[in-house]
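The structure appears right after this line, and notes come after that.
From a predicted model like this one, the values you see are computed outputs, not experimental measurements. We count ligands from 1, going down the list as the structure has it; atoms in each ligand are counted the same way.
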Amino acid sequence: MMPQNSEIKLDFDNTEIAFRNKSDKDLEKAYWLFKMVSSNSLIKIGTPLTNFALNIGLPIDGIIRNTIYKQFCGGESIEGCAHAIAELGAGNVTTILDYSVEGEETEANFDQTCAEILRTVEYAKSNPLISFCVFKPTGLGRFDLFAKLDAKKTLTEAEKQEFDRVYTRVESICKACYDAGIKVLIDAEHSWIQDTLDDLAREMMEKYNKERVIVYNTYQLYRHDKLASLKADFAYAQTQNFYLGAKLVRGAYMEIERERAAEKGYRSPIQPTKQASDIDYNEAVKFCLDHINRIGMMAGTHNEESCTLLANEMIVRGISPKNDHIFFAQLLGMSDNLSFNLGAAGFNVAKYMPYGPVKSVMPYLFRRAQENTSVGGQTGRELSLIIREKARRRLSNR
Ligand SMILES: Cc1cc2nc3c(=O)[nH]c(=O)nc-3n(C[C@H](O)[C@H](O)[C@H](O)COP(=O)(O)OP(=O)(O)OC[C@H]3O[C@@H](n4cnc5c(N)ncnc54)[C@H](O)[C@@H]3O)c2cc1C
């Protein structure tokens, strides 16, 4: 039976629920891992050293597989993720299989990535624990090609044909999802290719979101112009009579965006302060809720305040926690206190589950490690929760 909103109990400090799927040994491992990555200098030295060791064939695969890979990735293949998917499912949390191999920018690699994402769509058809599919546009086409289009430069004949192939890949995934009735997220990337990605996403939404929400674009609220884009896209969707799909994130490329803007002498697209990003993020959440009959939203965030805001607003507005237009989402291995407590309270929750061969997902893992240094701030949160749970289980905190 659906929980009544007045009966919903949500407590993000409940570490028992957060770490229910972790044995004492796993918890201990997570503790050491987050302690290690909290050292900025260790990550700085470790990243090139690990790359070097892998490149010259030193047998460190096993170490990586049992530590950082196990924390942040589901497995080496779709089938290899079955255990991790079931574990999340047991905690009422669904999975988004995220093929995280970052290869060279060749047509063969783009085709291979597209084929792999289509396999995730096939897999989702038979597994109700998969709530969304996802792709990153630069996995399907060359970054510089998107950049050239974004800068409104004229493409050569060969480039036009190249873009036609990118379009076909994007369309084949969105159509397969539409045919299967599975939702698909389009990740957002750097600002100087994002207009092109937005145009693509809007076109796909217009085509495939007429009857319900299938395609979701991503809005990075660390940009000062994205709350306005969300509103403009919604107004357009209304005039063209399609549902808007909106994944809300703060944004992952802040430093690079600011550096490029300073270097090239244009106004940074990033908000002046963290607080400004937070305000727009929370405004975007409320805007989506105001129009929830016509917008499918996903709050992709590890921010406790934003999750609390969304959950409370749903409760106050009498929106069912199981409303199919609202999902919370986090990354595998991070903020389990949010995911599992939201899941336990009956909300729709999904985790991005990166997968792929160890060596090929290393760039993804290094980014996670860097984000989790003490400078990034996330580790403080992860570590203090693990310490609290260890104390609750009466394990010693050395
Ligand atoms: C499910 C999911 C999907 C995601 N998909 C994407 C995606 O498609 N594209 C993408 O770019 N990112 C994506 N991200 C990453 C996301 O954008 C954030 O980098 C990350 O989640 C951290 O933000 P937060 O909301 O979780 O929490 P917080 O820790 O509260 O916020 C940190 C974020 O705030 C912003 N910020 C920090 N300091 C400042 C400052 N001084 N001024 C202005 N802003 C500041 C930055 O965006 C920073 O990442 C995704 C994250 C999740 C969980």
Next item on the list: Between Lys247 and ligand 1, find which residue part has any heavy-atom pair under 4.0 Å and reply side chain, backbone, both or neither.
Entry: side chain
Note to self: Closer than 3.5 angstrom, by distance alone: can the side chain of Gln330 be matched with the main-chain N or O of Thr301 as a donor-acceptor pair?
What the structure shows: yes
Check: With backbone taken as N, CA, C and O and side chain as the heavy atoms from C-beta onward, which portion of Thr273 lies under 4.0 Å from ligand 1: side chain, backbone, both, or neither?
Finding: backbone
Next item on the list: Flag the pair Asp179 and Lys125 as a salt bridge only when some basic side-chain nitrogen lies within less than 4.0 angstrom of an acidic carboxylate oxygen.
Entry: no
Check: Short list, please: which atoms of ligand 1 are under 4.0 Å from a heavy atom of Ser277?
Finding: 43 (C), 44 (N), 45 (C)
Check: Considering only heavy atoms of Tyr253, which atoms of ligand 1 have at least one such atom less than 4.0 Å away?
Finding: 11 (O)
Notebook entry, point to check: Atoms of ligand 1 less than 4.0 Å from Gly251 heavy atoms?
Noted result: 11 (O), 16 (C), 17 (O), 18 (C), 19 (O), 46 (C), 47 (O), 48 (C), 49 (O)
Check: Are any of the N/O atoms in Gln330 less than 3.5 Å from those in ligand 1?
Finding: no
Note to self: With respect to Val249, determine whether any N or O atom, backbone or side chain, lies less than 3.5 Å from an N or O atom of ligand 1.
What the structure shows: no
Margin query: Which option wins on minimum heavy-atom distance to atom 24 (P) of ligand 1: Thr301, Leu331, Leu338, Ile270?
Written below: Thr301
Checklist line | Lys/Arg N to Asp/Glu carboxylate O, Lys175 vs Glu171, below 4.0 Å | finding: no
Checklist line | Contact check: Tyr222 vs ligand 1, nitrogen or oxygen atoms, below 3.5 angstrom | finding: no
Notebook entry, point to check: Is it the side chain, the backbone, both or neither of Gln220 that has a heavy atom closer than 4.0 Å to ligand 1?
Noted result: side chain
Note to self: So for ligand 1, is Arg381 a polar contact partner (N or O within less than 3.5 Å, distance only)?
What the structure shows: yes
Next item on the list: Check ligand 1 against Asp187 and write out every atom of the ligand that is under 4.0 Å from a heavy-atom position of the residue.
Entry: 8 (O)
Next item on the list: Return yes when Gln194 approaches ligand 1 closer than 4.0 angstrom through a heavy atom, no otherwise.
Entry: no
Item checked: Parallel, tilted or perpendicular, as decided by the 30° and 60° cut-offs, for the rings of Tyr253 and His190 -> tilted
Item checked: salt bridge (charged side-chain N to carboxylate O under 4.0 Å, His left out): pairs with one or both residues in residues 190-201, sequence neighbours excluded -> Asp198-Lys226, Asp199-Arg202
Next item on the list: Give a yes or no on whether a salt bridge exists between Glu283 and Lys286, defined as a side-chain N under 4.0 angstrom from a carboxylate O.
Entry: yes
Note to self: So if I count the atoms of ligand 1 from 1 in the order they appear, which ones are less than 4.0 Å from some heavy atom of Ala252?
What the structure shows: 10 (C), 11 (O), 12 (N), 17 (O), 19 (O)
Note to self: Give the atom numbers and elements of ligand 1 that come within less than 4.0 Å of a heavy atom of Gln271.
What the structure shows: 42 (N), 43 (C)
Next item on the list: Select one of side chain, backbone, both or neither to describe which atoms of Glu305 lie under 4.0 Å from any atom of ligand 1, heavy atoms only.
Entry: neither
Notebook entry, point to check: So Phe327 and Phe132, would you call those rings parallel, tilted or perpendicular, with 30° and 60° as cut-offs?
Noted result: perpendicular
Next item on the list: Quick one: sort the Trp192 and Phe143 rings into parallel, tilted or perpendicular, breaks at 30° and 60°.
Entry: perpendicular
Notebook entry, point to check: Would you call the rings of Phe163 and Phe146 parallel, tilted or perpendicular if under 30° counts as parallel and over 60° as perpendicular?
Noted result: perpendicular
Item checked: Ala329: numbered ligand 1 atoms lying under 4.0 Å from its heavy atoms -> 1 (C), 53 (C)
Next item on the list: Would you indicate whether Glu16, at its atom CD, is surrounded by more than 12 heavy atoms from other residues, nucleotides or ligands within a distance under 6.0 Å?
Entry: no
Item checked: Geometric N/O contact Asp278 with ligand 1, under 3.5 angstrom -> no
Note to self: Taking the basic N atoms (NZ, or NE/NH1/NH2) and the acidic carboxylate oxygens, is any pair closer than 4.0 Å for Arg223 and Asp280?
What the structure shows: no
Next item on the list: Any atoms of ligand 1 less than 4.0 Å from a non-hydrogen atom of Met254? List them with their elements.
Entry: 36 (N), 37 (C), 38 (N), 39 (C), 40 (C), 42 (N), 43 (C), 44 (N), 45 (C)
Next item on the list: Before accepting this row, confirm whether a basic side-chain N of the pair Glu389/Arg393 lies closer than 4.0 Å to the acidic partner's carboxylate O.
Entry: yes
